[in-house]
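Just so we're on the same page: letters track the sequence lines, and every chain starts at 1. Computed from a predicted structure; not experimentally measured.
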There are 2 protein chains.
Amino acid sequence: MSVESARARTLSHVDPAEVPLQAALDALADPVRRSILRDLAVHDDWTRACGTFDLPVKKATASHHFSVLRAAGLIEQRDEGARRLNRLRRPEFDTAFPGLLSATIDRAD
Amino acid sequence: MSVESARARTLSHVDPAEVPLQAALDALADPVRRSILRDLAVHDDWTRACGTFDLPVKKATASHHFSVLRAAGLIEQRDEGARRLNRLRRPEFDTAFPGLLSATIDRAD
DNA sequence: CATGGTGTTCGATCCCTGTCGTACAGTGGT
DNA sequence: ACCACTGTACGACAGGGATCGAACACCATG
């Protein structure tokens, strides 16, 4: 039938403007999450699925990190078949927290 | 004798440029510490002693927070008699982490 | 020197969260 | 239908850090 091929598994996205500073900082304070964000900053297209990241954690943990990033308004996710694609919400987040993203992920360490 | 009246209780200060991003974010992620930094941002003179802050924690905990802030290169401390005065190292820290401090403490929440 | 005030140090406790294994749900291809 | 692949949900575990009380060090002033 496929009334709508977009099952989308009920993905809830929040407006970065509604995200408390505490939540944003908690999300950015984790090195694994920053690693994800840096990767997404480079690949600004919708090409990175959750499983394509080279992370030092198991997939259950990675899934948790993506959930935190989404709840903090830092990433947007979209289902494409079995894969879940990610995008860095840089413009929206920059509007809500000017300078925070750049100060956090534009760095060597 | 007072060869040097500056006992200073061996206060070690680090160069903000040598502080790892992780340490800076960990320091900024705590609400009590951000409260201290906001207070210091307003009073840029050397007038705030550790005990003069209105914090929701006991003095032992407050002392711990000041220690973390100093280790992160965010504040400078100077002993004046029995009191320990504090100063926000905004210019130094801004040079090491452009935009991070402003994004973190210039806010309502 | 005795006292009160300021701040640190040391243990102990508690809670939060990052981590993982396993089980489960969708998807797509064979 | 079956299977491989992708990602989530749930329960459990361990480590770290925030918190506190109590003891201690240092300073200033009677």
Side-chain angles (χ1 to χ4, degrees), chain A residues 1-13 20 22-37 46-72 75-87, chain B residues 1-13 20 22-37 46-72 75-87:
Chain A
M1 24 237 57
S2 75
V3 174
E4 255 300 324
S5 79
R7 289 280 316 95
R9 193 77 195 99
T10 54
L11 266 176
S12 65
H13 286 102
Q22 186 65 59
L25 288 176
D26 287 340
L28 292 170
D30 186 276
V32 176
R33 289 195 282 266
R34 285 200 304 278
S35 159
I36 295 174
L37 295 178
W46 283 92
T47 58
R48 313 301 279 181
C50 294
T52 66
F53 293 78
D54 189 22
L55 302 175
V57 294
K58 301 301 176 187
K59 64 174 184 174
T61 305
S63 180
H64 163 65
H65 285 309
F66 282 104
S67 172
V68 172
L69 289 175
R70 177 158 38 87
I75 65 171
E76 183 184 352
Q77 297 187 302
R78 195 181 68 190
D79 284 348
E80 181 119 338
R83 292 191 301 277
R84 181 159 286 187
L85 305 181
N86 303 276
R87 169 197 154 247
Chain B
M1 29 230 59
S2 76
V3 174
E4 257 298 326
S5 80
R7 288 284 312 97
R9 193 75 196 101
T10 54
L11 265 176
S12 64
H13 285 102
Q22 187 62 59
L25 288 177
D26 286 340
L28 292 170
D30 186 276
V32 175
R33 290 195 280 265
R34 285 200 305 279
S35 159
I36 295 174
L37 295 178
W46 283 92
T47 59
R48 314 302 278 182
C50 294
T52 66
F53 292 79
D54 189 22
L55 302 176
V57 294
K58 301 302 176 188
K59 64 174 184 174
T61 305
S63 180
H64 163 67
H65 285 308
F66 281 104
S67 172
V68 172
L69 289 175
R70 177 161 36 89
I75 65 171
E76 184 184 353
Q77 298 188 301
R78 195 181 67 191
D79 283 349
E80 180 120 336
R83 293 193 302 274
R84 180 159 288 187
L85 305 181
N86 303 277
R87 169 196 154 247

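In this structure, the CG atom of L55(B) is 15 Å from the C1' atom of dT6(C), given to the nearest Å. Straight-line distance from the CD atom of Q22(A) to the P atom of dA18(D): 11 Å, rounded to whole Å. Distance CG (L85(B)) to P (dC27(D)): 14 Å, rounded to an integer number of Å. In this structure, F53(B) atom CZ and dT6(C) atom C1' are separated by 14 Å, rounded to whole Å. The CD1-P distance, from I36(A) to dG7(D), rounds to 12 Å in whole Å. Per the geometry, CZ belonging to R70(B) stands 13 Å off C1' belonging to dT9(C), to the nearest Å. Rounded to whole Å, atom C1' of dT17(C) lies 16 Å from atom CG of L25(A). Look at CG on D79(A): it is 9 Å from P on dG7(D), rounded to the nearest Å.
Within 6.0 Å of CZ in R83(A) there are 12 or fewer heavy atoms belonging to other residues, nucleotides or ligands.
In terms of phosphate contacts, R83(B) brings no side-chain nitrogen or oxygen within less than 4.0 Å of OP1 or OP2 of dG5(C).
Here the closest non-hydrogen pair linking C50(A) and Q77(A) is SG-NE2, 3.8 Å. Residues F53(B) and R48(B) come closest through the heavy atom pair CZ-CB, 3.6 Å. A pairwise comparison of heavy atoms in A27(A) and A72(A) identifies CB-CB, 3.7 Å as the closest pair. Counting all heavy atoms, side chain and backbone alike, P56(A) lies closest to V32(A) at CG-CG2, 4.4 Å. The two residues E76(A) and H13(A) have their closest heavy-atom pair at CA-NE2, 3.4 Å. Nearest heavy atom pair, residue L55(A) against residue A62(A), reads CD1-CB, 4.0 Å.
When heavy atoms are screened at a 4.0 angstrom cut-off, D26(A) is found touching no nucleic acid atom at all.
Evaluation of the salt bridge (charged side-chain N to carboxylate O under 4.0 Å, His left out) rule for R78(B) yields E80(B) as partners, not counting sequence neighbours.
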Check against side chain to side chain contact (heavy atoms under 4.5 Å, CB included), L37(B) and I75(B): CA-CA 8 Å; L37(B) 295 178; I75(B) 65 171; 3.8 Å; yes
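Each end of the helix from dC1(C)-dG30(D) to dT30(C)-dA1(D) yields a helix axis from five base pairs, and these two axes differ in direction by 20° (to the nearest 10 degrees).
Within a heavy-atom distance below 4.0 Å of DNA chain C, the residues of residues 58-69 of chain B found are K59(B), A60(B), S63(B).
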